[in-house]
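Quick note: numbers below take in every heavy atom, side chains included, and nothing from hydrogens, waters or symmetry partners. Not measured: the values here are computed from a predicted model.
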Amino acid sequence: MKHTSHIIHYAFLLLLLSACRGEDIIWPSEQEKKGEPVHSEIVGFYLLNEGNMGSNKATLDYYDFTTAVYTRNIYSEANPSVAQSLGDVGNDLKIYGNRLYAVINCSNLVEVMNADNAKHIGTINVPNCRYLRFKDGYGYLTSYAGPVVIKPDYEQIGYVAKFDTATLQIVATCNVGFQPDELEIAGNKLYVANSGGYMTPNYENTVSVIDLNTFTESHRIVVAKNLHHLRIDAHNQLWVSSRGDYYDIPSKLYCVDTQTDKLIDSVDVATSNFWLDGDSLYLYGSQFSYITMQEEMNYNIVNIRTHKIVSNRFITDTVNIVHPYGLMVHPVTKDIFLTDAKNYVTPGTLHCFGSNGALKWSVRTGDIPAHMTLLFRFR
């Protein structure tokens, strides 16, 4: 497999030959050995660091399971001829086929790369883009459509853009609610979490349902205020996180039956981010209140069959985590990967915990480490 680790040997040569791209310096990547090699169908994962808004500091890291080597900041080195860096605010990261897609929110684009070496292939231009999903050769991308501004009477509704993954051309759009965030696909239905995040205190509270056959919104499901993440499980249940209003309405986790599109249950636990692994839903909650001006953290596991909390802390070691941000569980080893954004302006940390919750290793990342996607040997 061709991969970014092959590029590292030429770091200093590239720095000398291509000292800058316009005004951007090409910083060589850095490597660290962390943990022990693991051999399975999963060869590694990419981590997209959001970077601070307005600073053009989104970066891409890679961890190779087969060598146990973590490589920081691989994009610039892999693409010395690209005129700009990765961009401003990395918001989502997915692999589909042999391509790696990074949503760069405030740069209004999706950067498309070769999944094996992060080399630039092309871009998809969509304003204030947010999250990605794929099905049958098409990509679906949410867009806030309007500018980044907090405004209770915000006028621009959001939409989902459909693009052809072969040509990277947008072929259709479908209007949804205000500030649509994550989306999910179940059969021929596309679910979209409408947040209304720019419209505080007038948040949205619905999930839009789009018929993929006609690519039109068929109906909406009322769930809760300020929705964010969506995941479909193996039992045709759609899990939805709500951020609440940061005052009287707390963050919670909700469950929708995708056969009936009815809200069937809720779990009274603050949910900022979550990851599904089998019948276990791993989550962390970072619940902030403008009333108390305090932030509370929780790390839980929910059984998706019973809808009950089965663990009140999936981390057993005492680890100083300031602001948990990205979360992923290895489907084979069950290792838990959790990132810490720290103060949001300096490099963060990626922690690897074993399935027993004990810390295995930690490594420095870029600023605001957020989104991880697994790279499989055969795609």
Spell out, as yes or no, whether a donor-acceptor pair under 3.5 Å connects the side chain of Asp64 to the backbone of Ala68.
no
Only one of Phe134, Tyr191, Phe215 clears ring-ring contact (aromatic ring centres under 6.0 Å, His included) with Tyr140; which?
Phe215
Looking only at heavy atoms, the pair that brings Pro369 and Gly348 closest together is CD-CA, 3.9 Å
Could Lys57 and Asp88 be called an ion pair, given the rule that one side-chain N must be under 4.0 Å from one carboxylate O?
no
For atom CD of Glu296, decide whether the heavy atoms of other residues, nucleotides or ligands shown that lie under 6.0 angstrom number more than 12.
no
Spacing of His235 atom NE2 and Asp257 atom CG [to the nearest 0.5 Å]
12.5 Å
Starting from Ile304, can I reach Leu283 by hopping between I/L/V/M/F/W/Y residues whose side chains sit under 4.5 Å apart?
yes
Is it possible for you to say whether Val148 and Leu109 belong to one hydrophobic cluster, with membership spreading through side-chain heavy-atom contacts below 4.5 Å?
no
Leu359 backbone acceptor or donor facing Asp317 side chain under 3.5 Å:
yes
Test ring-ring contact (aromatic ring centres under 6.0 Å, His included) on His371 and Tyr46 and set out the steps.
CA-CA 8 Å; His371 311 282; Tyr46 288 98; over 10 Å; no
Would the Phe337 and His351 ring centres measure less than 6.0 Å apart?
no
Would Ile301 end up clustered with Met297 when hydrophobic side chains under 4.5 Å apart are linked, directly or stepwise?
yes
Who pairs with His219 by ring pair (Phe, Tyr, Trp, His ring centres under 6.0 Å), at least two apart in sequence or on another chain?
none
Tell me whether Lys334 is salt-bridged to Asp277, with the criterion being a basic N under 4.0 Å from an acidic carboxylate O.
yes
Could you walk me through whether Val110 and Ile104 pass the side-chain contact (heavy atoms from CB on, under 4.5 Å) test, one step at a time?
CA-CA 6 Å; Val110 178; Ile104 312 299; over 6 Å; no
Heavy atoms of Ala78 and Ala118 approach each other most closely as CB-O, 4.1 Å
Determine whether the aromatic ring centres of Phe314 and Phe353 lie less than 6.0 Å apart.
no
Validation row, ring centre Tyr299 to ring centre Tyr282 under 6.0 Å
no
Apply the test side-chain contact (heavy atoms from CB on, under 4.5 Å) to residues Lys252 and Ile249: give CA-CA distance (whole Å), side-chain angles for both, the deciding distance (0.1 Å), then the verdict.
CA-CA 9 Å; Lys252 288 180 69 174; Ile249 301 174; over 6 Å; no
With no hydrogens and no angle check, just 3.5 Å: does a side-chain donor-acceptor pair link Ser286 and Glu295?
yes
Taking Asp245 for its side chain and Asp248 for its backbone only, find out whether a donor-acceptor pair lies under 3.5 Å.
yes
Output the distance between atom CZ (Arg220) and atom CG (Asp261), rounded to the nearest 0.5 Å.
14.0 Å
Within the distance-only criterion (no hydrogens, no angle test), does the side chain of Ser251 pair as donor or acceptor with the backbone N or O of Gln287 below 3.5 angstrom?
no
Does Arg364 come within less than 4.0 Å of Glu30, counting only side-chain N to carboxylate O?
yes
Can you tell me how the ring of Tyr344 sits relative to the ring of His323, calling it parallel under 30°, perpendicular over 60° and tilted otherwise?
tilted
Looking only at non-hydrogen atoms, find the nearest pair between Tyr325 and Glu50 and report the distance.
OH-OE1, 3.0 Å
Would you indicate whether the side-chain heavy atoms of Cys255 and His307 approach each other to under 4.5 Å?
yes
Distance in Å, Lys308 NZ paired with Asn300 CG, rounded so as to fall on 0.5 Å steps:
14.0 Å
Centroid-to-centroid, Tyr290 to Tyr247, below 6.0 Å?
yes
Side chain of Asn273, backbone of Gly326: donor and acceptor closer than 3.5 Å?
no
Does the side chain of Asn105 come within less than 4.5 Å of Tyr131's, by heavy atoms?
no
Using distance only, find each side-chain donor-acceptor pair of residues 176-183 under 3.5 Å and give its atom names and separation, not counting sequence neighbours.
residue : atom : partner : partner atom : Å
Gln179  : OE1  : Gly197  : N            : 3.4
Gln179  : OE1  : Tyr198  : N            : 3.2
Asp181  : OD1  : Arg130  : NE           : 2.9
Asp181  : OD1  : Arg130  : NH2          : 3.0
Asp181  : OD1  : Tyr144  : OH           : 2.9
Asp181  : OD2  : Tyr144  : OH           : 3.2
Asp181  : OD2  : Arg243  : NH2          : 2.8
Glu182  : OE1  : His229  : ND1          : 2.8
Glu182  : OE1  : Leu230  : N            : 3.1
Glu182  : OE1  : Arg231  : NH1          : 2.6
Glu182  : OE2  : Arg231  : NH1          : 3.0

Would you indicate whether the side-chain heavy atoms of Thr339 and Leu47 approach each other to under 4.5 Å?
yes
Would you say Asn52 and Ile368 make side-chain contact, with heavy atoms under 4.5 Å?
yes
Side chains of Val69 and Lys34: closer than 4.5 Å at any heavy-atom pair?
no
Do the numbers put Lys225 on top of the ring of Tyr203, so that NZ or CZ is under 6.0 Å from the six-membered ring centre and no more than 45° off the axis?
no
Under 3.5 Å: donor-acceptor pair, side chain of Thr66, backbone of His39:
no
Pair Thr142, Val192 - check side-chain contact (heavy atoms from CB on, under 4.5 Å), show working.
CA-CA 8 Å; Thr142 50; Val192 183; 3.9 Å; yes
Please evaluate residues Leu374 and Ile95 with respect to the criterion side-chain contact (heavy atoms from CB on, under 4.5 Å), reporting the C-alpha separation (whole Å), side-chain torsions for both, the decisive distance (0.1 Å), and the verdict.
CA-CA 8 Å; Leu374 293 163; Ile95 290 175; over 6 Å; no
With heavy-atom distances below 4.5 Å as the criterion, would you say the side chains of Asp367 and Pro347 are in contact?
yes
Quick check: do Glu217 and Ser208 have side-chain heavy atoms less than 4.5 Å from each other?
yes
Give a yes or no on whether Met328 and Phe274 share a hydrophobic cluster (residues Ile, Leu, Val, Met, Phe, Trp, Tyr; joining criterion: side-chain heavy atoms under 4.5 Å apart).
no
I need the Asn79 CG to Glu111 CD distance, nearest 0.5 Å.
6.5 Å
Leu60 and side-chain contact (heavy atoms from CB on, under 4.5 Å): which single residue from Thr71, Leu93, Asn49 fits?
Leu93
Centroid separation under 6.0 Å, is that true for the rings of Tyr138 and Tyr96?
no
Asp335 side chain to His330 backbone, donor-acceptor under 3.5 Å
no
State, without any angle test, whether Asn128 and Ser143 hold a side-chain donor-acceptor pair at a distance under 3.5 Å.
no
Enter the distance from Ile264:CD1 to Leu238:CG here, rounded to the nearest 0.5 Å.
10.0 Å
Can you see whether Ser242 engages Asn226 through a side-chain donor-acceptor pair at a distance of less than 3.5 angstrom?
no
Would you call the rings of Tyr63 and Phe45 parallel, tilted or perpendicular, taking 30° and 60° as the class edges?
tilted
Whether over 12 other heavy atoms sit under 6.0 Å from Asn356 CG
yes
Are Val160 and Ile232 connected in the hydrophobic side-chain network, where two residues link if heavy atoms are under 4.5 Å apart?
no
Are Asn114 and Arg99 side-chain neighbours, meaning at least one heavy-atom pair lies under 4.5 Å?
no
